[in-house]
There are 2 protein chains.
Amino acid sequence: MYRSHTCGELRESHINSSVTLAGWVQKSRDKGFMIWVDLRDRYGITQLIFDEERTSKDLIEKTRLLGREFVIQVQGTVIERASKNPKIPTGSIEILVSNFTILNSSLTPPFTIEDETDGGDDIRMKYRYLDIRRKPVRENLIFRHQVTMAVRNYLSGKEFIEVETPYLIKSTPEGARDFVVPSRMNEGQFYALPQSPQTFKQLLMVGGMDKYFQIVKCFRDEDLRADRQPEFTQIDCEMAFVEQEDILNIFEGLTRYLLKEIKGIEIDKFPRMTYDDAMQRYGNDKPDIRFGMEFGELNEFAKHKDFTVFNSAELVVGIAIPGGNSYSRKEIDKLIDWVRRPQVGALGMVYSRCNDDGTFKSSVDKFYDQGDLANWAKVTGAKTGDLICVLSGEINKVRAQLSALRMELADRLGLRKTNEFAPLWVLDFPLLELDEETGHYHAMHHPFTAPKPGQMELLDTDPGAVKANAYDLVLNGNEIGGGSIRIHDKQMQATMLRHLGFSAEDAKAQFGFLMDAFEYGAPPHGGLAFGLDRLVAILGGQETIRDFIAFPKNNSGRDIMIDAPAFIANDQLKELSIKLDIQK
Amino acid sequence: MYRSHTCGELRESHINSSVTLAGWVQKSRDKGFMIWVDLRDRYGITQLIFDEERTSKDLIEKTRLLGREFVIQVQGTVIERASKNPKIPTGSIEILVSNFTILNSSLTPPFTIEDETDGGDDIRMKYRYLDIRRKPVRENLIFRHQVTMAVRNYLSGKEFIEVETPYLIKSTPEGARDFVVPSRMNEGQFYALPQSPQTFKQLLMVGGMDKYFQIVKCFRDEDLRADRQPEFTQIDCEMAFVEQEDILNIFEGLTRYLLKEIKGIEIDKFPRMTYDDAMQRYGNDKPDIRFGMEFGELNEFAKHKDFTVFNSAELVVGIAIPGGNSYSRKEIDKLIDWVRRPQVGALGMVYSRCNDDGTFKSSVDKFYDQGDLANWAKVTGAKTGDLICVLSGEINKVRAQLSALRMELADRLGLRKTNEFAPLWVLDFPLLELDEETGHYHAMHHPFTAPKPGQMELLDTDPGAVKANAYDLVLNGNEIGGGSIRIHDKQMQATMLRHLGFSAEDAKAQFGFLMDAFEYGAPPHGGLAFGLDRLVAILGGQETIRDFIAFPKNNSGRDIMIDAPAFIANDQLKELSIKLDIQK
């Protein structure tokens with residue numbers, strides 16, 4: 001071992017001990033007669049001292065050659081510091097160095113290895129190994145480890161068994177695009193990397209494993225939106241002989257345990273809301289309920305006058321911005337510009353100020369009287385001093401637009417506090433979702449989700465109305481997990497696949513093994529998967545998952561540190577029986 | 001929840017309780033006036049009873065329709081059994097059923113769901129979900145979970161941090177063949193799946209993570225030998241500021257902890273042996289030391305006579321088979337046939353019987369007298385009643401042949417006891433290994449392994465003689481882990497890659513990121529990886545890893561349950577900018 005202690009370990013009780021430390025030179029201060037060097041490792045920083053009285057001339061000269069990030073091994077004695085630093089745990093002591101060895105030198109790093117760095121994203125990713133030396137990044141990775149250990153201990157304690165499912169599986173046309181892997185030994189054939197272990201965990205239930213979990217990498221070849229990764233990690237779970245309530249209870253328990261263990265926060269029963277309610281009250285199936293600003297639907301009080309914009313709209317809906325009456329006309333105009341940005345897509349915004357004297361002043365005073373506006377205030381919950389913002393249009397679009405505005409304003413008003421945690425179950429998701437482009441329905445969760453009992457018949461007549469025992473766990477406006485009760489009957493699964501547009505032949509080719517399994521005594525089962533990257537980020541009080549992944553990829557799916565993907569040798573292609581087919 | 005208790009839970013203390021159970025019909029016995037049904041789940045088996053006196057006629061009729069592996073939910077009362085079964089934990093009670101529901105029916109399974117099954121390997125793999133219902137398979141998977149939990153808890157307690165490294169990385173020509181993944185977004189380029197997280201864990205050390213571990217899937221596109229899988233799991237570890245001794249201590253501690261926690265076996269200090277010693281004494285770098293039968297080198301006592309076979313041999317070497325003098329001539333002939341099989345490859349075998357009267361009777365009495373044979377007995381440690389088997393030839397070949405014979409005989413003699421555990425460190429592996437075919441040296445461990453201090457110079461003059469701080473942990477004749485101290489100096493890494501035949505250009509293209517990292521203050525570091533599949537199998541007292549993998553692949557790398565790999569759609573190929581190139 002290159003050290004007797006770590007750089008985070010020594011205290012006053014160690015004074016007069018001879019110690020050996022090893023680590024990186026964080027910085028040095030040279031006062032001529034005295035040099036201080038901060039030595040850093042994963043565990044902390046310890047101050048080294050060299051001075052003319054007690055240190056040999058040679059050693060002092062050698063110390064002057066040390067650059068930032070040099071790796072050294074140091075022998076010395078722990079002494080009490082003249083001026084203590086109460087900010088760090090080792091701040092009461094320092095090491096009077098008797099000798100040191102340079103274990104490795106360092107070029108000057110391309111950015112500063114400090115909590116706040118001068119390095120931009122690209123350079124930090126290229127030199128990720130240096131970025132990881134920075135305390136915030138390192139602490140994020142350690143935090144992630146603590147969360148996964150807590151998850152495993154909790155679930156294992158509840159008799160869940162972690163089972164590893166395969167990574168080299170079969171491509172399925174359903175859902176997102178698969179990454180595929182050519183098989184050398186099976187010419188012309190391909191494995192696929194799993195988008196999730198969905199079918200395997202269901203087979204484990206058929207196999208009687210009863211309670212399964214796995215913390216597992218999953219893969220999706222999607223065009224990357226901001227903060228998406230082509231490979232991501234799930235906490236994947238499945239249980240047999242359960243109903244929705246059992247699953248909610250177990251994973252509410254897990255989440256409560258994590259909040260308590262990791263954050264020291266106790267939360268009692270998590271609130272629940274149906275999907276329909278969430279859409280109506282927040283315009284969003286993952287509402288952030290750390291703050292109010294609930295939607296008020298205004299059709300009744302907005303479509304009875306001559307304002308054709310509202311009269312022609314499917315839905316008129318508003319929110320009250322707390323204290324928003326203080327906004328200047330210019331500020332409100334900016335807000336209107338904001339909702340008209342293509343990313344939001346509203347055509348305009350109507351507003352009504354709630355004056356201190358109880359009167360209202362709206363942008364549509366021509367059409368609406370004080371009584372009408374009082375009703376708006378009542379429905380949106382607006383109080384004196386607030387600003388009511390009203391959007392209108394096609395129901396799904398206007399809800400999404402107003403939800404975007406609600407989140408934006410909450411951010412601006414500081415209502416999304418990173419140390420506050422508001423979990424929420426959203427229940428009763430629709431089974432199917434209409435693809436506006438193709439006019440076809442596809443599974444909202446996945447094709448293995450069971451419709452609610454008795455609703456199977458609706459599939460033929462009103463597919464969009466069928467609800468599923470499908471649920472999401474939402475935390476602070478982020479979906480951190482979702483799941484459903486699964487189909488466990490071959491006939492029902494076949495019917496479902498037919499409704500999703502699979503021919504009997506395709507269904508058999510793709511999912512035959514699962515439907516076969518259902519013929520040999522499949523138990524009722526259901527489950528849930530948490531997105532670990534996002535869960536960890538949110539528990540860590542942040543929203544960017546990349547900061548909690550050791551070696552993330554950029555938005556083109558590239559790892560710019562190792563420069564992957566890359567071209568491969570022709571011999572490799574030949575062995576795999578493939579060749580490039582690049583479109584000029 | 002479909003049940004109030006599991007099928008392994010009820011005891012005499014529950015008598016008179018009303019309970020609800022759910023599970024599979026293991027079997028039923030119909031005595032006419034009485035029917036017993038064994039209900040099974042993951043946790044055990046509970047006996048259900050239906051009889052004419054206490055059960056309704058309708059229910060009895062319904063019970064007669066139950067087939068094997070039907071899934072049912074049962075309501076009833078716990079009663080005391082008339083004839084108790086002390087072999088199972090629930091054997092004192094049974095359930096007097098008041099009602100039950102069939103949750104799912106089952107076709108007759110293609111093999112029996114019993115500890116000993118009538119299903120062959122292929123059918124068991126095709127219906128793996130049914131195989132998993134069998135207790136031995138299920139227990140293996142649960143055992144694997146227990147081992148991984150223990151590993152994680154131990155390492156986490158020693159301040160190791162589990163860090164997830166990426167699965168979509170870059171192909172390197174070194175070592176085994178990579179599985180590759182075409183990138184849609186980076187036309188013509190490929191990711192590779194990791195053969196191990198080697199470079200990433202080293203970068204984590206450069207990044208100051210200090211102690212890293214990960215239980216992680218790795219991938220090798222090799223022609224599959226028996227009991228190899230294209231995807232396998234490693235316990236992967238790395239530590240900074242350590243020497244070989246520190247690494248051995250930590251992982252000896254882990255292994256000792258597992259043996260204690262999982263098997264209840266306490267083993268003190270693990271013995272250590274150099275690679276050279278292991279080859280000389282056992283002809284094998286992973287000797288099984290649960291038993292003796294050490295090699296005796298006989299050149300001195302076998303090459304001084306006129307027996308040209310021995311005289312022309314590089315090495316004459318023998319072992320003593322305990323009690324082998326009892327073998328008939330015919331049995332010995334069979335043994336000779338065995339060593340002459342192409343899989344072993346010896347040209348012949350000389351033997352010497354150690355008679356009860358202290359005399360010897362050998363197959364080469366024409367050449368060797370009693371004094372010579374007495375020396376053979378002395379060197380091989382043969383006792384009265386033993387049989388000395390002697391092979392000769394080229395040193396490496398003859399050692400491998402005799403090692404195969406040693407293991408075969410130990411198996412036959414029952415010396416390889418599954419409940420005995422004999423760990424062994426094998427140290428001082430050669431840095432390089434000569435590829436007989438190409439005449440080139442390649443890295444025995446991997447190209448990042450450091451030569452022993454001061455041996456770098458030997459690389460130019462006698463590369464085969466250079467030793468590394470590389471070590472394997474051997475358990476019962478299986479390598480369960482291996483590692484090394486790594487190079488942490490850019491110059492030394494460049495020299496090593498040059499010696500391995502990389503041009504400066506190739507070295508930069510493949511490993512430039514690692515060598516760049518070494519310029520920014522890389523600490524001394526080293527590590528180790530355990531093969532989890534094998535470790536679990538051996539701790540489980542078995543040697544076939546497939547029995548400890550939920551969904552293994554066959555020897556053609558196929559998953560015959562899901563029928564993967566498979567052909568994919570032309571659209572998929574097109575999107576990936578590749579096309580098939582099948583050789584007719």
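Per chain, numbering begins at 1; letters A, B, ... match sequence-line order. What you are looking at is a predicted structure, and each value in this text was computed from that prediction instead of being measured.
- Note on A:K211, A:R128, A:Q146, A:K217: by heavy-atom pairs under 4.5 Å with chain B, the leading option is A:K217.
- The greatest number of non-hydrogen atom pairs below 4.5 Å with chain A, out of B:G557, B:A550, B:G512, is found for B:G557.
- Residues A:S171 and B:Q572 bring a donor and an acceptor atom of their side chains to less than 3.5 Å of each other.
- Looking at A:R144, the atoms closer than 4.5 Å to chain B (heavy atoms on both sides) all sit in the side chain, from C-beta outward.
- Both the backbone and the side chain of B:M1 come within contact range of chain A, each with at least one heavy atom under 4.5 Å from a heavy atom of that chain.
- Aromatic ring pairs are classed by plane angle as parallel below 30°, tilted from 30° to 60° and perpendicular above 60°; the pair A:Y167 and B:Y167 is parallel.
- A side-chain N or O of A:S577 and one of A:E187 form a donor-acceptor pair less than 3.5 Å apart.
- Using cut-offs of 30° and 60° on the angle between ring planes, the pair A:Y520 and B:Y129 is tilted.
- A:R42 CZ to A:E139 CD: the interatomic distance, rounded to the nearest 0.5 Å, is 9.5 Å.
- In terms of heavy-atom pairs under 4.5 Å with chain B, the best-connected choice from A:I215, A:L141, A:D223, A:L573 is A:D223.
- No other option in B:E222, B:R40, B:K126 has as many heavy-atom pairs under 4.5 Å with chain A as B:E222.
- Taking NE2 from B:H525 and OH from A:Y2, the interatomic distance works out to 11.0 Å, rounded to the nearest 0.5 Å.
- Comparing B:T6, B:L103, B:D563, B:N104 by how many heavy-atom pairs each has under 4.5 Å with chain A, the most go to B:N104.
- For the options A:I72, A:D210, A:D516, A:I132, heavy-atom pairs under 4.5 Å to chain B are most numerous at A:D210.
- In this structure, no portion of A:L21 lies under 4.5 Å from any heavy atom of chain B.
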Check against side-chain hydrogen bond (donor to acceptor under 3.5 Å, both in side chains), B:R133 and B:Q26: CA-CA 10 Å; B:R133 284 193 201 152; B:Q26 173 82 22; over 6 Å; no
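- Only the backbone of A:F518 comes within less than 4.5 Å of a heavy atom of chain B; no side-chain atom from C-beta onward does.
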Before you tell me yes or no, could you show the steps for B:L204 and A:F551 under side chain to side chain contact (heavy atoms under 4.5 Å, CB included), namely the whole-Å CA-CA distance, both residues' side-chain angles and the distance that decides it to 0.1 Å? CA-CA 10 Å; B:L204 287 171; A:F551 300 103; 3.8 Å; yes
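- Annotation: maximal heavy-atom pairing with chain B below 4.5 Å, among A:D246, A:I568, A:I562, occurs at A:I562.
- In this structure, no portion of A:D571 lies under 4.5 Å from any heavy atom of chain B.
- The heavy-atom pair separating B:P197 from B:V216 by the smallest distance is CG-CG1, 3.8 Å.
- If you measure heavy-atom distances from A:L576 to chain B, the contacts under 4.5 Å come from the side chain alone.
- For B:F567, the parts lying under 4.5 angstrom from a heavy atom of chain A are both the backbone and the side chain.
- Here the straight-line distance linking atom CE of B:M561 with atom OG1 of A:T199 works out to 7.5 Å at 0.5 Å rounding.
- With 3.5 Å as the limit, one finds no donor-acceptor pair spanning the side chains of A:T148 and B:E162.
- Between B:R184 and A:D178 there is no salt bridge, since no side-chain N of the basic residue sits under 4.0 Å from a carboxylate O of the acidic one.
- Heavy atoms closer than 4.5 Å to chain B are found in both the backbone and the side chain of A:N153.
- Interface residue B:P166: backbone and side-chain heavy atoms are both found under 4.5 Å from chain A.
- Options A:D41, A:I142, A:D489 differ in how many heavy-atom pairs under 4.5 Å they form with chain B, and the most are formed by A:I142.
- Closest non-hydrogen pair, A:R138 versus B:G208, comes out as CD-O, 4.3 Å.
- Annotation: maximal heavy-atom pairing with chain A below 4.5 Å, among B:V71, B:L107, B:V242, occurs at B:L107.
- Between chain A and the residues B:A240, B:P109, B:S156, B:A509, the largest count of heavy-atom pairs under 4.5 Å involves B:S156.
- The part of A:L193 that comes within reach of chain B is its side chain, from C-beta onward, which places non-hydrogen atoms under 4.5 angstrom from that chain.
- Contact check on B:K553 versus B:D559 returns no salt bridge, with no Lys/Arg side-chain nitrogen under 4.0 Å from an Asp/Glu carboxylate oxygen.
- Residue with the most contacts toward chain A among B:V163, B:I169, B:I102: B:I169 (heavy-atom pairs, distance under 4.5 Å).
- Residue A:I549 holds its CD1 atom at 4.5 Å from CD of A:Q229, rounded to the nearest 0.5 Å.
- Of the two parts of A:D131, neither the backbone nor the side chain holds a non-hydrogen atom closer than 4.5 Å to a non-hydrogen atom of chain B.
- Looking at A:M209, both its backbone and its side chain come within 4.5 Å of chain B, counting heavy atoms on both sides.
- Side-chain contact between B:H145 and A:F213: present, with at least one pair of heavy atoms (C-beta onward) separated by less than 4.5 Å.
- Residue contact with chain B, scored on non-hydrogen atoms closer than 4.5 Å, is absent for A:Q244.
- Only the side chain of B:L532 comes within contact range of chain A, with heavy atoms under 4.5 Å apart.
- Contact of A:P523 with chain B is made through backbone and side chain together, with heavy-atom distances under 4.5 Å.
- Looking at A:F160, the atoms closer than 4.5 Å to chain B (heavy atoms on both sides) all sit in the backbone: N, CA, C or O.
- Ranking A:E164, A:E69, A:Q73 against chain B, the residue ahead of the rest is A:E164, based on heavy-atom pairs under 4.5 Å.
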